[in-house]
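This report refers to the structure that appears directly beneath it.
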Amino acid sequence: MFLFTFVQSVRAYDKVVVVIDPGHGGENLDEGSESGAIYREEILERDVDLITAKAMRDELSAYPNVTVYMTREDNRAISLEDRVSFAKSVDADIMISVHYNASVAHKFYGAEIFTSAFSDCYSVGQGAATCIMNRWKEYGLPDKGIKTRLGSSGHDYYGVIRHGVEMDVPVIIIEHGYLDNDTDFERLGNEDAYNDMGILDARGIADYYGLKKNVMSESIAPTVKIKAPEDKAEPDSTDPKDMNVVIDAYYPSDNTIDFTIHASEEESKLMYYGITYDGQPGQIEDEDFNELILWDQDKESMSGNIGLPEDLSRNLIFRVYNQYCLYTDFEVSKNVIDIAVNKANSAIEAENAENTGNNDPDGEAGEEEISGETEASETKISEGTVTQDRPDEIRVSGSRASQNNSTENENMVLYLLIFVLVIVAILIFFVIIILIRKML
Ligand SMILES: [Zn+2]
C-alpha cells in the first residue's frame with residue numbers, strides 16, 4: 001500500500017470529497033510517466049504539477065463543505081490504477097489530475113481539460129471543467145477546449161480517466177498550458193504562476209459545487225448540470241471547413257501583404273492559424289510554421305499583415321487549427337502574390353501618368369475615377385515608388401497605410417517648398433551680383 005495523505009476533514013451536513021492527483025512522480029527521468037514533460041532541460045513536470053496541486057489543496061481546504069485528499073505529496077511513482085483505486089477508497093466525488101502540457105513542435109499553447117466520454121463521469125467532469133476553465137480565462141489562458149478523447153478500442157484514451165469509468169469515479173485531466181512553448185512559458189513558467197493556477201483550480205471546483213469560503217452550507221449541489229451522453233460524447237474528428245485566403249493588398253515599400261483567412265468549425269472551435277513560405281505542399285509539419293496566432297473564437301475570418309521573403313519562389317501556405325489540433329491548409333500560389341504585386345505596380349504607373357498630364361480641372365477627379373473602378377482611393381509615395389491600397393477589402397493595418405500616406409504627402413510638400421526657396425535664393429544672389437557690378 002502507498003501512503004496517502006489525509007489533508008483535512010470537516011464534519012458537515014453535506015460535503016464533497018475531492019481527490020487531487022499531481023501528475024507523474026518518481027525518480028526515473030527516462031520514463032515520461034514518472035518525470036512528465038521536461039522543459040528547458042531542467043524543469044520537470046512532475047515537480048510543477050506538485051506545486052500547483054498543493055496550492056489547490058491549500059485553497060480548497062478553506063471551504064468547509066469539502067474534504068481534500070492528495071494521491072501524492074512528495075516525489076514518488078504511483079500507477080494510474082492505484083491513483084484511482086485510492087480515490088475510490090475514499091469515496092471521491094471527483095478526482096482532478098493536475099498536469100502541464102508539451103507538444104512535439106513546441107508550437108501549441110493554451111489550456112485544455114480532458115474528461116471521460118461516458119456516463120456521469122462525463123457530466124460531472126464537463127461541469128467541473130467548465131467552472132475551472134472560466135477561472136483560467138480570468139488569468140488570460142487561451143481556451144483550448146474541454147474535450148474527450150477515445151482510444152482505438154473505443155474507450156477513453158487516457159488511462160487515469162478510463163480507470164475512473166471502471167471504478168465509477170469521475171476523473172478529469174487539467175492541462176494548464178504548454179511550458180515548452182514561449183508564449184505559455186512567459187505567463188506560466190514561474191513559481192507564482194504555478195501557485196496561482198492551483199488557487200484558480202480550487203476556486204473552479206468551489207464554483208462547481210457552489211461552495212462558499214469559510215461558510216458552512218447545509219447542502220451543496222453542482223451548479224452546472226450537463227446531461228450524460230446516451231452512448232458516448234465523441235471528440236471532434238473533422239478538420240476546419242470552408243477555408244479560404246484572400247490577399248488584400250501588397251506594399252512594395254516594405255514587401256508585405258495584407259491577408260484575410262476565412263474558415264469555419266462546427267464540432268469544436270477554431271484555435272490558431274500559421275503561415276509558412278518554406279514547406280513543400282503535402283509535406284509540411286507543425287514546426288515549419290511561424291509562431292501560431294490565436295484565432296478569435298467569435299470570428300469566422302482573421303486578418304493580418306506579413307512580410308514576404310526577398311525572393312519568394314514557393315507558394316505561401318496558411319494553416320488553420322481547431323481545438324483538437326486538426327488542421328486545414330490553404331495554398332496561396334506565387335501567381336496570386338504576383339497578381340497583387342502587379343496590381344500595385346500598375347496602379348503606380350496609372351497614378352504617375354495622371355500626375356504628369358495634370359490636366360484635371362479638379363485636382364481630386366483622378367482619385368475619384370480610380371476608386372470608381374473599385375480600385376484604391378489612396379495613393380502613397382515613398383522613395384520614388386507609389387503604392388496603391390485597396391480599401392474595398394478588409395484590412396488589419398488600414399490605419400498604418402493611411403498614416404504613411406499623409407506623412408509622405410507632407411514630405412512632398414516640404415521638398416517642393418525647399419526647391420522653390422533654393423531657386424529664389426539663387427535668383428536673389430544673381431540680382432545682388434548684377435547690382436554690385438553696376439554700382440562699381
Ligand atoms: Zn503530464
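For ligands, and for the atoms within them, numbers begin at 1 and follow the listed sequence.
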List in chain and number order the residues that pass salt bridge (charged side-chain N to carboxylate O under 4.0 Å, His left out) with Asp93, two or more places apart in sequence or in another chain; answer none if no residue qualifies. none
List in chain and number order the residues that pass side chain to side chain contact (heavy atoms under 4.5 Å, CB included) with Lys147, two or more places apart in sequence or in another chain; answer none if no residue qualifies. Glu112, Phe114, Lys144, Tyr324
Would Arg319 and Phe289 count as a cation-pi pair here, with the cationic atom under 6.0 angstrom from the ring centre and within 45° of the axis? no
Under 2.8 Å from the Zn ion (ligand 1), the protein N, O or S atoms found are His24 NE2, Glu45 OE1, Glu45 OE2, His99 ND1
Using side-chain hydrogen bond (donor to acceptor under 3.5 Å, both in side chains), reason through Asn255 and Tyr250 one step at a time and then give a plain yes or no. CA-CA 7 Å; Asn255 196 32; Tyr250 171 72; 2.8 Å; yes
Any donor-acceptor N or O pair under 3.5 Å, side chains His262, Asn244: no
Check: residues 228-236 side-chain donor-acceptor pairs under 3.5 Å, at least two apart:
| unit_1 | atom_1 | unit_2 | atom_2 | d |
| --- | --- | --- | --- | --- |
| Asp236 | OD1 | Thr238 | N | 2.9 |
| Asp236 | OD1 | Thr238 | OG1 | 3.2 |
| Asp236 | OD2 | Ser268 | N | 3.4 |
| Asp236 | OD2 | Ser268 | OG | 2.7 |
| Asp236 | OD2 | Asn322 | ND2 | 3.2 |

